[in-house]
Amino acid sequence: MDVTTDHIRDKLIKEFGAIHVEVEDTSSNRCAASFKVLLVSPQFEGKPLLARHRMVNTCLADELKEIHAFEQKTLTPEQWEKQKAQ
């Protein structure tokens, strides 16, 4: 499986009804082995950080087998709006 930024973005949007998704390939040679993700979804409302990350890890379980490093930031829409206002 070829893991790309577009593949990850599309899967997260579909799974989480995300209102905002940023996926960056942070591999030194852009070999799709390291990714940084910002995901904003109403599904995170009322969930602690660890539960949110587990949700994302479950969604991307197959992809994570191919990825060497994965950094994620998961926000609710309210948290996203506050962050943008800063």
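Reckoned from all heavy atoms, side chains included, excluding hydrogens, waters and symmetry mates. These numbers come from a predicted model, not from an experiment.
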Visitor: Between L75 and F44, what is the shortest heavy-atom contact and its length?
Guide: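 That closest heavy-atom pairing would be O-CD1, 3.4 Å.
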Visitor: Determine whether I13 and L64 fall in the same hydrophobic cluster, where Ile, Leu, Val, Met, Phe, Trp and Tyr are linked whenever their side-chain heavy atoms lie under 4.5 Å apart.
Guide: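 Yes; L64 is reachable from I13 via cluster members.
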Visitor: Is it true that K11 and E15 have a side-chain N and a carboxylate O under 4.0 angstrom from each other?
Guide: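 Salt bridge absent between K11 and E15.
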Visitor: If you take all heavy atoms of A33 and D25, which pair is closest and at what distance?
Guide: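 Shortest heavy-atom contact: N-OD1, 4.5 Å.
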Visitor: Nearest heavy-atom pair of G17 and P42: which atoms, and what distance?
Guide: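 Looks like O-CD, 3.9 Å.
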Visitor: Which heavy atom of S27 sits nearest to which heavy atom of S34, and what is that distance?
Guide: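 Heavy atoms of S27 and S34 come nearest at OG-N, 2.9 Å.
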Visitor: Is the number of heavy atoms from other residues, nucleotides or ligands under 6.0 Å of E78 CD greater than 12?
Guide: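 No, the 6.0 Å shell around CD holds no more than 12 heavy atoms from other groups.
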Visitor: Quick one: pull up CD in E71 and NE2 in H53 and give me the separation to the nearest 0.5 Å.
Guide: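 Answer for the CD-NE2 pair, E71 versus H53, is 9.5 Å.
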Visitor: Under the 3.5 angstrom rule, does the side chain of T76 hit a backbone N or O of E45 as a donor-acceptor pair?
Guide: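 Side chain of T76 to backbone of E45, a donor-acceptor pair under 3.5 Å: no, none is there.
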Visitor: In this structure, would V21 and F70 fall into the same cluster of hydrophobic residues linked by side-chain contacts under 4.5 Å?
Guide: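 Shared cluster, yes.
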Visitor: Could you tell me whether the side chain of L12 reaches within less than 4.5 Å of the side chain of I8, counting heavy atoms only?
Guide: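 Contact flag for I8/L12 side chains = yes.
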Visitor: V40, L60: one ILVMFWY side-chain cluster at the under-4.5 Å cut-off?
Guide: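 Result: no, two separate clusters.
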Visitor: Which heavy-atom pair separates N57 from Q72 by the least distance, and what is that distance?
Guide: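 Residues N57 and Q72, closest heavy atoms: OD1-NE2, 3.0 Å.
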Visitor: Report yes or no: do K73 and Q83 form a side-chain donor-acceptor pair below 3.5 Å?
Guide: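 A pair is found: one side chain offers a donor N or O, the other an acceptor, under 3.5 Å apart.
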Visitor: Do the side chain of R52 and the main chain of K47 share a donor and acceptor less than 3.5 angstrom apart?
Guide: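 Yes; judged by distance alone, with no hydrogens or angles, the pair exists.
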Visitor: Considering all heavy atoms of both residues, which atom of S41 and which atom of F16 are nearest to each other, and what is their separation?
Guide: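 Of all heavy-atom pairs spanning S41 and F16, the closest is OG-O, 2.7 Å.
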Visitor: Under 30°, 30 to 60°, or over 60°: which ring-plane class applies to H20 and W80, parallel, tilted or perpendicular?
Guide: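 Plane angle under 30°, so parallel.
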Visitor: Is there a path of hydrophobic side-chain contacts, each under 4.5 Å between heavy atoms of I, L, V, M, F, W or Y residues, that connects L39 with M55?
Guide: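 Yes, same cluster.
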Visitor: Between T5 (side chain) and E24 (backbone), is there a donor-acceptor pair under 3.5 Å?
Guide: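 No, T5 side chain to E24 backbone: no donor-acceptor pair under 3.5 Å.
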